Amino acid sequence: PLQFTAGDNVDASAEARDSVVLDSVESGRIEEVFARDGENVSKGQLLFRISNPQRNLELLARQAEQAQQIYNLSNLRLAQESDRSARQRRLDELDFALVQAKKKLARNEQLAARGFISSVALEEVRDAVDKETRAVALEQERASAEGAVRGKALDQLEGAIGTLDGGLQLVQATVEALVVRAPVAGRLTDFRLQVGESIVTGKNVGRIDDPTHFKLTARIDEFYLNRIAVGRGGAVTHESRSYAVEVARVYPQIKEGRFSAELLFTKEQPAGLRPGQSLDTQLTLGQPA
């Protein structure tokens, strides 16, 4: 088969197959650094802490605003309950007066039928019943209208508190982001933060590499660009033992007369690999002639 080796055409080096880039999501000053470059970290482990007084002030302001609105909501509920009790007492009094007026009318109708009271006196009692009936109906309408208004005000205030809760959670999340933890387990790489330095949002501070699975990045002479394709097989020799690989990705951009290809181990990989370690690599470019 047509082959070439790392000695003359290929510069293949080991890299972590999977990596997670670490970017700062908040700006501020580095207060503490809890990990070192090259250290193996576990998921959730503290990496560094940022100080940002502005974020803390925003959190305090949001918390104070939310506390004030909760206080207002409590007062509104107390006022509503007080008004409801007062309206109920008023309705009870009106209902009682109406019942008494109806009883008096019934007695007077019996007396009028026997001729003991005049029709004028009976008419006055009937007017009193009508008056009490209208008073009860009016109080019920007023209670219903006031209840609707206060209920709407209560809903609006509860909605405002819900909005404040959402905003508070966002601000709290930004404050929590000042304490940066490892999103995954792995080896910390290119992590060189120093206490006291300033950091801006979006700044790359390193990455976390998978320390157990590797890939190879090969720098190949541009002469072979049209003959290297995804799926091409090959082998890596390490400590007198051969390991099968295949081309997983080709980067056709030419730089200094070479292009890059990514190789993956198809079965097992050499033990004890380290990032940046060079390996002798052979790729099969064609079938045996």
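The analysis underlying the following values was restricted to heavy atoms, covering all of them including side chains, and did not include hydrogens, waters or symmetry mates. Predicted model, so just to flag it, every value in this text is computed and none were measured.
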- side chain to side chain contact (heavy atoms under 4.5 Å, CB included) partners for E123, two or more places apart: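 Counting only residues at least two positions away or on another chain, E123 forms a side chain to side chain contact (heavy atoms under 4.5 Å, CB included) with R126, D127.
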- Does V21 have any side chain to side chain contact (heavy atoms under 4.5 Å, CB included) partners at least two apart in sequence or in another chain, and if so, which?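 Side chain to side chain contact (heavy atoms under 4.5 Å, CB included) list for V21, sorted by chain: D23, N204.
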So which heavy atom on [X] is nearest to which on [Y], and how close?
X: L46; Y: F34; result: O-CB, 3.4 Å
X: A35; Y: L188; result: CB-CD2, 3.7 Å
X: V247; Y: A229; result: CB-O, 3.4 Å
X: N40; Y: P211; result: OD1-CB, 4.4 Å
X: E132; Y: A97; result: OE1-CB, 3.4 Å
X: P270; Y: H238; result: CB-CD2, 3.4 Å

- Message: Could you tell me if E246 and T266 have a donor-acceptor pair between their side chains, going purely by distance under 3.5 Å?
- Response: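 There is no such pair (donor and acceptor under 3.5 Å, judged by atom type) between the side chains of T266 and E246.
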- Would you tell me whether T217 and E262 have side-chain atoms, one donor and one acceptor, within less than 3.5 Å of each other?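 Their side chains do not contain a donor-acceptor pair, so the 3.5 Å distance test is not met.
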- Nearest 0.5 Å, what's the CD-OG distance between E32 and S51?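 With rounding to 0.5 Å, CD (E32) is 10.0 Å from OG (S51).
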- Query: Rounded to the nearest 0.5 Å, how far apart are CD of Q253 and OG of S260?
  - Reply: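 So the gap between those two atoms works out to 8.5 Å.
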Lys/Arg-Asp/Glu bridge criterion (N-O < 4.0 Å) met for [X], [Y]:
X: E197; Y: K203; result: yes
X: E139; Y: R142; result: yes
X: R187; Y: D209; result: no

- Item | Same apolar cluster (I L V M F W Y, side chains within < 4.5 Å links), F223/V250 |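 Yes, because F223 and V250 connect within a single hydrophobic cluster, where side-chain heavy atoms sit under 4.5 Å apart.
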Would you say the side-chain atoms of [X] pair up with the backbone N or O of [Y], donor to acceptor, closer than 3.5 Å?
X: E109; Y: A106; value: no
X: T133; Y: V129; value: yes
X: T237; Y: S240; value: no
X: Q45; Y: S42; value: yes

[X] versus [Y]: any side-chain heavy-atom pair under 4.5 Å?
X: L22; Y: D190; result: no
X: L225; Y: I228; result: no
X: F214; Y: R17; result: no
X: V99; Y: F96; result: no
X: R241; Y: E268; result: yes
X: I254; Y: R258; result: no
X: D95; Y: E93; result: no
X: V125; Y: I117; result: no

- Could you give me the CA-CA distance, side-chain angles and deciding distance for L283 and L263, then say whether side-chain contact (heavy atoms from CB on, under 4.5 Å) is met? CA-CA 10 Å; L283 292 177; L263 314 175; 4.3 Å; yes
In terms of heavy-atom contacts, does [atom1] of [X] have more than 12 from other residues, nucleotides or ligands at under 6.0 Å?
X: D92; atom1: CG; answer: yes
X: R29; atom1: CZ; answer: yes
X: R87; atom1: CZ; answer: yes

- Task: Could you tell me how the ring of F191 sits relative to the ring of F48: parallel (under 30°), tilted (30 to 60°) or perpendicular (over 60°)?
- Result: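 The rings of F191 and F48 sit tilted, inter-plane angle from 30° to 60°.
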- Task: Please assess S242 against V236 for the test side-chain contact (heavy atoms from CB on, under 4.5 Å), listing each intermediate value before the final yes or no.
- Result: CA-CA 5 Å; S242 180; V236 169; over 6 Å; no
- Hey, mind stepping through L91 and Q140 against side-chain contact (heavy atoms from CB on, under 4.5 Å) and telling me if it holds? CA-CA 7 Å; L91 278 173; Q140 288 175 338; 3.7 Å; yes
- Message: One pair to check against side-chain contact (heavy atoms from CB on, under 4.5 Å): D221 and F259. What are the steps and the verdict?
- Response: CA-CA 7 Å; D221 192 282; F259 68 96; over 6 Å; no
